[in-house]
Amino acid sequence: MRFLPSQATTLVPVPFDRGQRRKGVALGPQRLLDEGLAEQIKELGWDVDVKEEMKTMCDGVEDIDAKGGGDVDGMRNPSSVSSINEHLSTLLQQVHSSSRLPVTIGGDHSLAVATLTATLTHHPEAGILWIDAHADINSPSTTPSGNLHGCPVAFLLGLEGTNVPPFNGWVKPLLKPERIAYIGLRDLDSGERKVLKQLGIKCYTMHHVDRYGIGHVLEEALSYLGAPEKPIHLSFDVDALDPSVAPSTGTPVRGGLTFREGHYICERVWETGSLVAMDLVEVNPDLGAKREEDAKATVAVGCSLIRSALGEVLL
Ligand SMILES: [Mn+2]
């Protein structure tokens with residue numbers, strides 16, 4: 001580990017679901033913890049602590065949105081999304097400052113407003129590796145749904161339409177377009193395609209994974225982001241995986257990464273020694289055709305992705 005003095009990590013469960021419409025994603029973090037995630041990481045040789053502070057605040061999100069007026073300017077629940085993220089960002093910056101690796105467990109992907117803010121405040125040079133079926137780069141003015149879990153990247157880039165309250169009170173455009181690379185994309189809105197092309201953002205869709213293989217794609221993405229010399233933030237949305245591997249998620253899209261491709265990404269990022277933060281988001285144990293069976297599989301895969309990024313190897 002290049003940027004950490006010792007193997008110490010802080011797990012930050014954030015049971016937040018207001019960046020999208022489907023109930024249940026708030027149950028994700030507890031399910032991962034119940035699966036024994038903290039103990040599993042300890043067995044890999046890490047000092048592990050769990051910061052549970054966000055739970056209490058997440059219990060009060062309905063009130064926050066009621067006071068904030070609900071849906072505003074085409075955005076759904078901007079008040080709770082902004083205030084949860086502002087608090088989470090402060091908490092994660094403390095984790096970075098204490099030289100521990102923050103692992104944020106969602107909850108929905110709107111939480112990346114905070115995780116990227118904290119990482120880029122502490123490591124301005126960090127490259128963002130975004131593993132997702134979606135680009136999450138809509139702005140409040142381009143989003144077809146108003147769901148803010150589809151917008152975190154736009155806020156960090158400071159794209160047109162993101163300079164809106166309550167976010168403009170604290171979110172800064174800390175991310176440069178050349179400091180993010182996507183892998184796994186396969187479901188893009190038309191406004192997103194346009195902005196990805198305009199800004200020349202590095203995108204490896206599933207087409208590229210099929211054509212060149214995950215090994216080649218990931219080497220290119222890592223070298224593009226400057227690893228191993230530069231720090232890496234890994235933001236992993238479980239919907240990047242094929243729904244046959246991670247069925248319990250809010251916006252599944254067929255044709256995704258295989259079990260091994262997902263884990264390979266995490267293993268290879270660990271090998272660089274450059275990981276400074278990780279997000280694992282969008283596990284929704286309430287979803288999936290075979291409810292409990294699907295939830296178990298998805299929770300297990302969430303835990304094993306985190307373990308792989310924290311040094312679990314096959315041999
Ligand atoms: Mn996402």
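Counting starts at 1 for both ligands and their atoms, following the listed order. Heavy atoms only: backbone and side chains are in, while hydrogens, waters and symmetry mates are out.
With values rounded to the nearest 0.5 angstrom, Lys51 atom NZ is found 12.0 Å from Leu88 atom CG. With values rounded to the nearest 0.5 angstrom, Ile105 atom CD1 is found 13.0 Å from Met54 atom CE.
For His216 and His208, the gap between ring centers reaches or exceeds 6.0 Å.
For the Mn ion (ligand 1), the set of protein N/O/S atoms nearer than 2.8 Å consists of His109 ND1, Asp132 OD2, Asp136 OD2, Asp237 OD2, ordered by chain and number.
The closest donor-acceptor contact from the side chain of His122 to the backbone of Ala118 lies at 3.5 Å or more, if one exists at all.
Note on Tyr264: it clusters hydrophobically with Leu241, by side-chain heavy-atom contacts below 4.5 Å among ILVMFWY residues.
For the residue pair Asn147/Arg21, the side-chain donor-acceptor check at 3.5 Å is satisfied.
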